[in-house]
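Below is one structure; the comments refer to it alone.
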Amino acid sequence: MPPLLPLALRYLLWLIGVRFLLGALENFAGLPPTPAMGVILAAAPMAEIAVQAGRRATRALAMADWARIWAVCLGGFVLLQIVLPALLLAPVRALLMTPEGLQQTAIILASTGAMGALFLWIGTLAGGRERR
């Protein structure tokens, strides 16, 4: 099992970079701000994380190892996209207090989790372990 901290930091850096890119595209290129775009762009870096995990692993990773990697990445997403905005911004807290806001947040979180698992799998296929 590769160390999780470097993978988590790598995912957080990807997530921050992708969010800046998405914000720039929305503001300057006129891309409409849709939740689906945010979900895909939050999950896509997990493919690169899977490649890195495969390269750094000293043994074949089991399903439990991939589940840990997925959970760490999803935890980083929750921290950056839900917890920090809720702590810093009153409108986000107010949104999370309504059933509609909480439902939308849960749907986005579940969608990101499912897409993240898909991109982890794609990353394992794309990275492939070097055979000796």
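Hydrogens, waters and symmetry mates are skipped; everything else that's a heavy atom, side chains included, is used. The structure presented is a predicted model; accordingly, all values stated were derived computationally and were not measured.
Note on V78: it clusters hydrophobically with M115, by side-chain heavy-atom contacts below 4.5 Å among ILVMFWY residues. Under the 4.5 Å side-chain heavy-atom criterion for Ile, Leu, Val, Met, Phe, Trp and Tyr, L89 and L95 are members of distinct hydrophobic clusters. Residue I40 is not grouped with residue I107 when hydrophobic side chains (ILVMFWY) are merged at heavy-atom distances under 4.5 angstrom, including chains of intermediate members. The hydrophobic cluster containing I69 also contains L79, counting ILVMFWY residues as joined when their side-chain heavy atoms lie under 4.5 angstrom apart, directly or transitively. With hydrophobic clusters built from ILVMFWY side chains whose heavy atoms lie under 4.5 angstrom apart, L87 shares a cluster with L15.
Between I16 atom CD1 and Y11 atom OH the span is 10.5 Å, to the nearest 0.5 Å. Note that CD of E26 and OG1 of T34 are 7.5 Å apart. Values are rounded to the nearest 0.5 Å. How far CD1 of I49 is from CZ of R56: 8.0 Å, rounded to the nearest 0.5 Å.
Not counting sequence neighbours, the partners of R68 by the salt bridge (charged side-chain N to carboxylate O under 4.0 Å, His left out) test are D65. Shown here are the side chain to side chain contact (heavy atoms under 4.5 Å, CB included) partners of L21, two or more places apart in sequence or in another chain: L25. Here V72 pairs with L4, A8 under the side chain to side chain contact (heavy atoms under 4.5 Å, CB included) rule; sequence neighbours left out. W14 is linked by a side-chain hydrogen bond (donor to acceptor under 3.5 Å, both in side chains) to E48, counting only residues two or more places apart in sequence or in another chain. Partners of L74 under the side chain to side chain contact (heavy atoms under 4.5 Å, CB included) rule, at least two apart in sequence or in another chain, are W70, F77, L109, T112.
Shown here for M46 and G116, the closest heavy-atom pair between the two residues is SD-CA, 3.2 Å. In terms of heavy-atom proximity, P85 sits nearest to V92 at O-CB, 3.7 Å.
Cluster partners of L13, using a side-chain heavy-atom cutoff of under 4.5 Å among ILVMFWY residues and allowing indirect links: none.
In this structure, L22 and L31 have side chains that are in contact, with non-hydrogen atoms separated by less than 4.5 Å. P2 places a side-chain heavy atom less than 4.5 Å from the side chain of L61. Side-chain contact between Q52 and P6 is absent, with no heavy atoms from C-beta onward closer than 4.5 Å.
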side-chain contact (heavy atoms from CB on, under 4.5 Å), that's the test. Do L41 and R19 meet it? Break it down for me.
CA-CA 8 Å; L41 290 179; R19 294 306 286 179; 5.6 Å; no
Report the C-alpha separation of L96 and I82 in whole Å, then their side-chain angles, then the decisive distance to 0.1 Å, and conclude whether the side-chain contact (heavy atoms from CB on, under 4.5 Å) test is met.
CA-CA 9 Å; L96 290 175; I82 299 171; 4.3 Å; yes
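More than 12 heavy-atom neighbours from other residues, nucleotides or ligands sit within 6.0 angstrom of CH2 on W66.
For residues 86-107, the set of pairs meeting the side-chain hydrogen bond (donor to acceptor under 3.5 Å, both in side chains) definition, not counting sequence neighbours, is empty.
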